[in-house]
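Single-structure report; data block below.
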Amino acid sequence: MIVEPKVKGFICTTAHPTGCEKNVLRQIEYVKRKGKIDGAQKVLVIGASTGYGLASRITAAFGMGAATIGVSFEKEATGKRTATPGYYNTKAFDNMAINEGLYSKSVNGDAFSREIKDEVISLIKKDLGKVDMVIYSLAAPRRTTADGTTYTSVLKTVGEPFTQKNWNLKDNTIGEATIPVANSDEILSTVKVMGGEDWSDWIDALVEADAIKDGAITVAYSYIGPELTYPIYHEGTIGKAKAHVSETAIKISEKYRDRMINAYVSVNKALVTQASAAIPVVPLYLSVLYKIMKNKGIHEGCIEQMDRLYRDKVYGLDGRKIETDGMIHVDDYEMREDVQREVMDVWNTIDSNNLKAYADIDGYWLDFYNMFGFEIDGVDYSLEVEV
Ligand code: NAI
């Protein structure tokens, strides 16, 4: 069929298989151009099909030459419905990796569940023996725990409601969005879903099954961002979950000190992904940030971030780059003093009339459409494709 984008709010309900494939190829080519990374050889990526997880897997495979197993939760095509982008990305990745002689297998299912953990661990034991790196890049709306309780994560503030400028994506106007206050159940639920508990469960399960090497490393991702977004992010429900991820890293490293398994948190840059497009206020911040960072020649996307993370900061020649807060930072360009000062200057003056001049609206939408395989150079969208 001919596949066209169908955008509803912050989500596109269709995805283009050829576009997704090209998107994966573009990221692979980027990493290959940068050359070899002397890193892990057997890598498990949880949340491997889109965004930071996909870019991490590409970096591991095509930079480090690693065998990879990817876990994600994606939908196949049914009838006239296309599959989700992560589904096409994963197929494309598997094909391209295997074509280059790299081991690649992907498991589609709920990473929170015991069944998927068991399935992945059996696969590791059968095919790889043990992994030497585990990347945890899940971004999920809900989690059902072993006792059958379902927790849903919310994007709310903690303490006070927060009102801030907001870009109305439908009509390109600037208005305001008020983010309501979470109650204690909502905070707990968000920590259950986006905190470190499941990450820790994965490492425990891998250790128990003897499917992880001594000296292995595990990395999870976080975001801090500028004070402007603190109430909604860093100090909000999601920030509470991310604080739990940081505490979990310390606990994992302590628990497995004798096996030298080290857990790290990498603080990444704010980028347009399916997860971040859903947060109010953030798209405006992103589009202002993109404009400023592009003008300075320091803008990065997922692949540039993940390549730099593993090449320079995790497996760099002069050792691991852990900052004073105990975390690895690839948000360093975003948080540069000059960048943030300019963001604030723009933020204070931006309105519906000057939006296009101050914010990278086109860049935002290009990234958004690209995520679903649309507006990718070299793809003829008038052709029928097999979905
Ligand atoms: P994303 O939405 O692009 O990717 C999420 C991944 O998780 C996908 O592979 C999806 O299939 C998988 N997934 C979701 N639920 C699952 C489940 N139940 N079982 C198995 N797989 C499941 O998200 P993004 O933005 O790449 O986020 C990844 C991590 O990076 C998150 O921890 C996020 O907080 C963090 N991060 C994101 C930033 C951003 O601006 N997007 C900035 C800094 C950190």
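Indexing begins at 1, ligand by ligand and atom by atom, following the structure's order.
- Proximity to Phe112 (heavy-atom distance under 4.0 Å) selects the following atoms of ligand 1: 18 (N).
- Scanning Lys269, Arg57, Glu74 for the heavy atom closest to atom 11 (O) of ligand 1 points to Glu74.
- In summary, the aromatic rings of Tyr290 and Tyr364 are positioned with their centroids too far apart to meet the 6.0 Å limit.
- With hydrogens left out, the protein atom closest to atom 26 (O) of ligand 1 is Tyr52 N, 2.8 Å, a heavy atom.
- In this structure, atom 19 (N) of ligand 1 lies nearest to the protein heavy atom Ala111 N, 2.7 Å.
- The contact set between ligand 1 and Leu271, taken as ligand atoms under 4.0 Å from a residue heavy atom, comprises 39 (C), 40 (O), 41 (N).
- Counting all heavy atoms, side chain and backbone alike, Ile116 lies closest to Trp202 at O-CH2, 4.2 Å.
- Residues Pro226 and Glu334 approach most closely at CD-OE2, 4.2 Å, considering heavy atoms.
- Checked by distance only, ligand 1 and Ser49 come closer than 3.5 Å through their nitrogen or oxygen atoms.
- Looking at Asp110 next to ligand 1, an N or O pair under 3.5 Å apart turns up.
- Between Met194 and Arg143 there is no side-chain heavy-atom pair separated by less than 4.5 Å.
- Nearest protein heavy-atom neighbour of atom 25 (O) of ligand 1: Thr273 OG1, 2.6 Å.
- For the pair Lys192 and Tyr151, the distance from NZ or CZ to the six-membered ring centre is under 6.0 Å and the angle to the ring normal is within 45 degrees.
- At the shortest separation from atom 27 (O) of ligand 1 among protein heavy atoms lies Ala139 CB, 3.7 Å.
- Ranking protein heavy atoms by distance to atom 15 (N) of ligand 1, first place goes to Ala140 CB, 3.4 Å.
- In terms of N/O distances under 3.5 Å, ligand 1 is approached by Thr50.
- Every atom of ligand 1 is numbered from 1 in the order shown, and the set under 4.0 Å from a heavy atom of Gly109 is 19 (N), 20 (C).
- For Arg142, no nitrogen or oxygen atom sits less than 3.5 Å from a nitrogen or oxygen atom of ligand 1, counting backbone and side chain alike.
- Of the residues Lys117, Arg142, Arg114, the one that meets the salt bridge (Lys or Arg N to Asp or Glu O under 4.0 Å) test with Asp198 is Lys117.
- Judged by the 6.0 Å and 45° rule, Arg308 forms a cation-pi pair with Tyr333.
- Atoms of ligand 1 found under 4.0 Å from any heavy atom of Ala48, numbered from 1 in the order shown, are 9 (O).
- Taking the centre of each ring, Phe372 and His16 stay at or above the 6.0 Å mark.
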N/O donor-acceptor pairs under 3.5 Å from side chains in residues 45-53, not counting sequence neighbours:
residue: Ser49; atom: OG; partner: Glu74; partner atom: OE2; Å: 2.6
residue: Tyr52; atom: OH; partner: Lys269; partner atom: O; Å: 2.6

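- Distance from atom 33 (C) of ligand 1 to its nearest protein heavy atom, with residue and atom name: Lys242 NZ, 3.7 Å.
- Counting the atoms of ligand 1 from 1 in the order shown, those under 4.0 Å from a heavy atom of Ser222 are 43 (C), 44 (C).
- Counting only heavy atoms of the protein, atom 30 (O) of ligand 1 lies nearest to Tyr221 CB, 3.5 Å.
- Counting only non-hydrogen atoms, the option in Gly53, Ser137, Gly225, Ser72 that gets closest to atom 6 (C) of ligand 1 is Ser137.
- The backbone N or O of Trp347 lies less than 3.5 Å from a partner atom in the side chain of Lys165, making a donor-acceptor pair.
- Of all protein heavy atoms, the one lying nearest to atom 31 (C) of ligand 1 is Leu138 O, 3.5 Å.
- Residue Ala270 has at least one heavy-atom neighbour below 4.0 Å for each of these atoms of ligand 1: 40 (O).
- Residue Met194 has no N or O atom closer than 3.5 Å to an N or O atom of ligand 1.
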Intermediate values then yes/no, side-chain contact (heavy atoms from CB on, under 4.5 Å), Lys240 and Thr190: CA-CA 8 Å; Lys240 296 285 170 214; Thr190 308; over 6 Å; no

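- Within 6.0 Å of CG on Leu383 lie more than 12 heavy atoms contributed by other residues, nucleotides or ligands.
- Close contacts of ligand 1 with Gly51, meaning ligand atoms under 4.0 Å from a residue heavy atom, involve 3 (O), 26 (O).
- Ring planes of Tyr381 and Phe374: tilted class, angle from 30 to 60°.
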